[in-house]
Amino acid sequence: VSDSVVKLVKSFETTREAALVVGENGVLQYVSDKAAQFLACDAAESIGVSLWDIAEDWQECLELALEETLVQQGSRKLELYFEPTESWFELTLTPRGDVGIIVLTHLKDNTDSRGIREQVQSKLKVQVHQQTSSVEVLRLGRQHDSLHDLLTGLYNRFGLIDILEKTHLWQNGTFLLLDVDHFHRLNDSLGPAFGDALLVTLSERFFHTLRPDDLTARLGGDEFAVFLRSANQEEARFVAERLQRSLEQPFFIQGSDVAITVSVGILGNLGGYETPQDMLRDADLCLDYAKRIGNSSISVFDPALREELLARLALEQALKEAVVNNELEVYYQPIFDLRSDKLVGLEALSRWHRQGGAVSPATFIALAEESRLILDIDKWVLERACQQLSHWERQGLVTAPLNINVSASHFAELTMAKHFESTLQSYGVSAKNIHLELTETVLMDEGVQTQQTLQDLQHLGINLHIDDFGTGYASLNYLQRFCAHGLKIDRSFIADLKNPKSFELIRAIIAMAHALNMKVVAEGIETSWQKEQLEDLGCDYGQGYLLSKPLPAKTIETMLQHLPDPKASSVTLPAFLVLN
Ligand code: C2E
Ligand code: MG
Ligand code: MG
C-alpha cells in the first residue's frame, strides 16, 4: 500500500470512524489500530489475511460490493452487523486504483436486526425525490462518483480532502464540523429510512443557508463538514449560528414534524498544519468536545484545548478497555431499616482501579456519561450484580435486593427494558430483587421512548427508586404520575441536617413520599445523631459511612454469612463492617 493511501486512511481516525484497505478477495493490506479495535483483531497480524476470516458474515454482501466498486470505480455504502462485538457498522467502500478503502463508522452496539441500507435506499429514493429536488438531482448525477456521498450528493470525506488539496484552499480557511444531537435516538426510534430522509433534508437546509463557494461534505453518519474559504474562527462562529438557526423550523418528514439541533466544532488554520487531514483531525476533537456538551453547542478550537482533549480521550479509551477487559469492580453498600437495623438492600457501585490507584466514580462516571460508554458500564454492572446475587442465593445466603444505578441516557434506548429482562432471566434473578436507581431527569423526560421504557420496566416488576432526590427539579406532578417505590434523599440534605431549613425540608419530603406510598432512604448518614434524627422524622431506611462503607463482594459475603436467622427481626452488624 502506498504511503499516500496510508496517510489518507489514517485521516479517518476519529472517535467513531476507522479505515482499512483491502485488495482482491478481501485480502487486508492495511488495518489501522482503530479498525483493529473495531474488528477485535490485531492490526499487524491481519495483514495478508482475508477480511472474510475476521467477519465471516460480511463476505456475501461485501465481496460483491467490493467487486463492483473496483470495476466501476464508484463508492458503495452498506450497513452491516458485526457478530463478535455485537456492533453495527456503516461501511463506505471507495476505490483507489486496484485496492478499496473501507471506512467503518461505528453505529451502535445492540442486537436489533436492521436491514441493509441499500434496501432501504431504494424505498427512500421515491420519498426523497418528492421532498427535495435539488439535492436529488445532485445525487442522481453523481451516483457513481467516488468523491461524493451517495445519500446526500454532497462531497464525502475523500471529495473534500481531494478538492482542498488540489486547490490549496485549506491553507487559509476554517472548518465547521457539525453533528446532529442525539441522532441515534431518532434513527433507532423512527427507523433508518427516516434517519436517511432527515439527513437529506438537513443537507438541503445547509445548502440553502451557505454561500455557493462554501464547501459542504458529509463525512459519515450524521457528521457534516463545511469549509469556509478565507474566513477566520470568529467569522465562522457567525456561520455556525446561522446554520443552527436554519434548523429552528421543524423538519417535516414522513408525515411528522421533528425538531433537531446540531453541535458544531470550529477550527481555522492557526498555523502548524501540514495537511487538511491534520486539520480535520483537530476539528473532530473540537466537535467531540461540543457534542459532549450537546444541545446546539459551538466549540471553537484553541490549541490549549488540544492537550486537555487528548488527555480526556486517553482516559476515555482506558476506561473503554477497562470495561471490555473486566477491570471494573462492583462494590456494594448496605442499606438498613433504621428502626430494626435489618439489611434491606445493597447498592451496587462501580469502582475502577487504574495503575494502582482508584479513579473516583465522580470522574469516570461523568466521563462515561459524556460518551455512550455509560451504557456499557451500566450493562456490565447489571450483569455482574445479577451474577453475584444468584451466586449468593445458590449458597443459601440470605441477601437483600440489589440497587443498581442506571444513567438517564439509558432510558431513551429502544432495547433497554428487553435487555434488563433477558439479563435477569439468564441469571435466574427475580425482578423483585432488582431495584433501579434513576434520577429526576428521567422522570422529566417526556420522550416517548423513555416513557415506554419506564412502563416496560414496571411491567417486569422491577422497583424504581428516585436517586439524589432534591437535587433535580422534579415537580410533585411528575412524582405523582410516576409510581416509584422509593425515594433517596440526597446526601447534601443529610449533611446539612443541623440547618433548620434542611431539617424541615426533609420532614416535608418524607411526608410527601409516604403520602405517595414511597419508601424513603436517607443517603450519606455519617453520625449517630443524624441517624437518630432521621429515625424520629419517620425516615424508613438509611445508608452511609456510619452504617457501612461500600464494600467488595467478598466482604459482603462474609457479612451475609454472619447474618442471623432470616426470621430474626434484627441484625447486629459485625464490628468490622462499621470500622471498615
Ligand atoms: P449515588 O448513586 O448517589 O451513590 C451514593 C454515593 O455516595 C456513592 O459514591 C457512595 O460511596 C457515597 N456515600 C455513601 N455513603 C456515604 C457517606 O456516608 N458519606 C459520603 N460522603 N459519601 C457516601 P460513589 O461510589 O463515589 O458514586 C458516586 C455516584 O456515581 C453515585 O452516586 C452514582 O450516581 C454514580 N455511580 C456509581 N456507580 C455507578 C454505575 O455503575 N452506573 C451509574 N450509572 N452510575 C454510577
Ligand atoms: Mg445511587
Ligand atoms: Mg444518590
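Note that these values count all heavy atoms, side chains included, but never hydrogens, waters or copies made by symmetry. Every number for a ligand or one of its atoms is a count from 1 in the order of the listing.
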Rounded to the nearest 0.5 Å, what separates atom [atom1] in [X] from atom [atom2] in [Y]?
X      : Y      : atom1 : atom2 : result
Asn405 : Ser350 : CG    : OG    : 7.5 Å
Leu310 : Arg312 : CG    : CZ    : 12.0 Å
Leu397 : Glu557 : CG    : CD    : 6.0 Å
Met512 : Leu487 : CE    : CG    : 5.5 Å

Distance-only side-chain donor-acceptor flag, Asp467 / Thr439, under 3.5 Å: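 Distance-only check fails for Asp467 and Thr439.
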Would you mind running through ligand 1 and noting each atom that sits below 4.0 Å from a heavy atom of [X]?
X      : result
Asp378 : 40 (C), 42 (N), 43 (C), 44 (N)
Val381 : 41 (O)
Glu526 : 17 (C), 18 (O), 19 (N), 20 (C), 21 (N)
Asp468 : 3 (O)

Which bit of [X] is near ligand 1, meaning a heavy atom under 4.0 Å away: side chain, backbone, both or neither?
X      : answer
Arg351 : side chain
Arg491 : side chain
Glu347 : side chain
Ile525 : backbone
Pro550 : side chain

Relative to the Mg ion (ligand 2), which of the N, O or S atoms in Glu347 is the closest?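 The nearest such atom is OE2.
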Salt bridge check, [Y] against [X]: does any charged N sit closer than 4.0 Å to a carboxylate O?
X      : Y      : value
Asp179 : Lys291 : yes
Glu316 : Arg292 : yes
Glu327 : Arg351 : no

Is Asn405 close enough to the Mg ion (ligand 2) to have an N, O or S atom under 2.8 Å? yes
For atom 35 (C) of ligand 1, which candidate among Ile365, Asp467, Leu328 holds the nearest heavy atom?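 Considering heavy atoms of Ile365, Asp467, Leu328, the nearest to atom 35 (C) of ligand 1 sits in Ile365.
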Any N or O of Asn405 that comes nearer than 3.5 Å to an N or O of ligand 1? yes
To 10°, measure the OE1(Glu437)-the Mg ion (ligand 2)-OD2(Asp467) angle for me.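 Centred on the Mg ion (ligand 2), the OE1/OD2 angle is 90° (to 10°).
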Working for side-chain contact (heavy atoms from CB on, under 4.5 Å), residues Tyr541 and Lys488: CA-CA 9 Å; Tyr541 306 140; Lys488 300 183 81 175; over 6 Å; no
